[in-house]
Amino acid sequence: MLEFLQLVIGGVSIGCIYALVALGFVLIYKATEVVNFAQGELMMLGAFFAYTFISIFGWNYWVGAAAAIACMFVVGNLTDRVILRPVLGQPQFAIVLVTIGFGYIARSVAGMMPGWGTETYAIETPFSSEGMALIPESMGTLVIAQTDLSVIVATILFCAVLYAFFTYTKLGVAMQASSQNQLASYYMGVPVKSVFSMIWGISAAVAAAAGILLAPTTLIDTSMGFIGLKAFPAAVLGGFGSIPGAVVGGLIIGIIETLAGFYLPPGFKNVAAYVVLLIVLVVRPQGLFGEKTGKRV
Amino acid sequence: MRFLFKTDYDQDIRLAKHSGYYWSYGALIIAVILVPFLLDSYYVGQMTQLYIVATAGVGLMLLSGYTGQVSLGHAAFFGIGAYTEAVLTGNGLSLPFMDEPIVFSFFLSFPLAGILAALAGIVIGIPALRLTGIYLAIATFAFAIVVEEIFSRWESVTNGYSGLLVEYVEIGNLTLTDGTPFYYLALGVLIACILFTLNLLRSPTGRAMMAIRDSEISAQSMGVNLAKVKTIAFALSAGITGLAGALFAHKLGFLSPESFTVFQSLELLVLVVVGGLGSIHGAIFGAMFVLALPQALAIMKDYLPVEIAETPGFEPLIFGLILVLFVIFEPHGIYGRWLKVKLYFQMFPLYKKATFKRQKSYMKSERLK
């Protein structure tokens, strides 16, 4: 039983990373109906920025992390302005391809940057990877690493901030409006285009946070972005346009994956998330929290 | 300049719109038939490769370009075709109650590879009936990852990462799957697939597919059976890609799961988009592009400063840039550019730039609130 709980704790901490990446997908999809296949690459770029500030420039961890997140906000913003705005209004297909292309570009640019390159890097963090006992020693061992705990706490924090942002600020409400009906919100005075850029910025910032939090566990390299592909099942499981759905989906995928890795033969760990995804798409295509959608002609 | 006066509805769907088609495509066919007599065996091999990739492209074009269903997992069907062919012509099919495995001849295993891929297409097509747009792309993507894992884990059949040798197919003294005979085989398969697709697109089913691409709801209200037509599109597309995969197995000579990853799926998608969505020409142009790009880059590297040319991320960067630039500036791909050039010469002094100007459009929502 304790072993099972221990696995679940590990799964939750991985799941939180998936949730943060999925959150980025969902933010963009909800507002602009674009699926960003380069979300994982944004995460990778964020981690590299943090590495530059903290390990190369030698800044304080918190300052460096904040600076990396700010940088990624700008990068996300620019991505929307330069790459996505020209294809607005074209079929989804085109937009998916543009984001895939952007992923390729981001990966090779990161590999070419002086000081970044294709090697694997580590950032020094104030969190240790040693386990902290969760229950008294007499009852057995159930531990959680500080790094895992930091991921979980940061995810909760980010969700709370985003929730407050969307509910209480003018900009957040404008974003919700433009996600519901672009044309109507444009008529009501919402600058839809810059709102879209802003959403891209926020999504990139969330991705950067995920990258920085992930850095102690998986280290930083250019292929880090493939975790983004694992976040698809999370986003779909929760219903693509639902923010709480992304978090719950991420947690479920993380837990299922960890359990599959332990109890099932090798190989199942890699595909468990996708098998779950296929089943969900067959049984309930709109996901757990998604609304039933239709299409207008 | 030629004016076509249409006096008959049949003229809309005729394969050869006017006599010029017989001349130009006739000359093209004679040229490709003469290739083995004129070129080096290396180029014959490259051309064979081109035909195989183009066949796969025709398969994906049918689904993505004509039916409007995005697939990010076509390498899975390609791989299923390849492995079926390799296993059936190599070790053969062995079942528990049989003493000796049955080794299939090429003429039986080749269609079987297509059929098996088509069945896989139906399997993924059935959940796809309820999915649109992006969900479908993600479902096919997940399917491709699962299939890739099966290729690498099902060692008794696919030999896992150690790889599987593919036998040559011999008929009498003739080695069918090597050199010039293989060239004609691949060419024949490509032409057959193109003719099949073109004729399909003239038929009611094909027109229903295009109607689905343009608007699902309109198609449905015109009496198109969405489920049936989509399943047919998936099956045929997967089947054609599977046939290409079977030929590819012989071309490679050695199969390993690394040849059928998600990146191959993306490459197929790039082929279709860069070539030109919604045209068979596009599939051929795209195949040429995908095959020529690495070679062109290799030549380009000789002229670039060493620091740029030697960086490992150079090729993916160009790949990504081309993809992004094509979608932004030339959404109709190489075929669209070809049409523009052709029209320029046809209209010579009177060419109007605005002919192909893109209409401003709002994003069509896939949601209904």
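We name chains A, B, ... by the order of the sequence lines, and we start the count at 1 in each one. These values consider heavy atoms only, across backbone and side chains, with no hydrogens, waters or symmetry-generated copies.
A:Arg81 and A:Pro86 get closest at one heavy-atom pair: O-CD, 4.1 Å. Heavy-atom minimum distance, B:Gly121 versus B:Ala238: CA-CB, 3.7 Å. In terms of heavy-atom proximity, B:Ala75 sits nearest to B:Leu268 at N-CD1, 4.3 Å.
For B:Phe141, the part sitting under 4.5 Å from any heavy atom of chain A is the side chain, from C-beta outward, and nothing else. For a residue to count as touching a neighbouring chain, one of its non-hydrogen atoms must lie under 4.5 Å from one of that chain's; by this rule A:Leu278 touches chain B with the side chain only. The part of B:Leu72 that comes within reach of chain A is its side chain, from C-beta onward, which places non-hydrogen atoms under 4.5 angstrom from that chain. Contacts of A:Val96 with chain B are made by side-chain atoms alone, with heavy-atom separations under 4.5 Å and no backbone atom involved. Interface residue A:Leu97: backbone and side-chain heavy atoms are both found under 4.5 Å from chain B. Residue B:Ser64 touches chain A through its side chain alone, counting heavy-atom pairs closer than 4.5 Å. Heavy atoms closer than 4.5 Å to chain B are found nowhere in A:Phe268, neither backbone nor side chain. For B:Leu277, the part sitting under 4.5 Å from any heavy atom of chain A is the side chain, from C-beta outward, and nothing else. Heavy atoms closer than 4.5 Å to chain A are found in the side chain of B:Leu266, but not in its backbone. Contacts of A:Val283 with chain B are made by backbone atoms alone, with heavy-atom separations under 4.5 Å and no side-chain atom involved. For B:Ile318, no part lies near chain A; criterion is any non-hydrogen pair under 4.5 Å.
Counting heavy-atom pairs closer than 4.5 Å to chain B, the top residue among A:Val275, A:Asn270, A:Val98 is A:Asn270. Chosen from A:Thr99, A:Val282, A:Ile105, the residue pairing most often with chain B at heavy-atom distances under 4.5 Å is A:Ile105. Among B:Leu323, B:Val262, B:Leu325, the residue with the largest count of heavy-atom pairs under 4.5 Å with chain A is B:Leu323.
In this structure, a donor-acceptor pair under 3.5 Å is absent between the side chains of B:Thr67 and B:Gln69.
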Q: Test side-chain hydrogen bond (donor to acceptor under 3.5 Å, both in side chains) on B:Ser237 and B:His74 and set out the steps.
A: CA-CA 9 Å; B:Ser237 164; B:His74 251 56; 2.8 Å; yes
**Q.** Steps toward side-chain hydrogen bond (donor to acceptor under 3.5 Å, both in side chains) verdict (A:Tyr274, B:Glu149)
**A.** CA-CA 11 Å; A:Tyr274 297 103; B:Glu149 197 67 26; over 6 Å; no
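Side-chain atoms of B:Arg213 come within 3.5 Å of backbone atoms of B:Gly65 as a donor-acceptor pair (strictly under, hydrogens ignored). In this structure, B:Ser152 contributes its side chain and B:Glu148 its backbone to a donor-acceptor pair below 3.5 Å.
Using cut-offs of 30° and 60° on the angle between ring planes, the pair A:Tyr121 and A:Phe48 is perpendicular.
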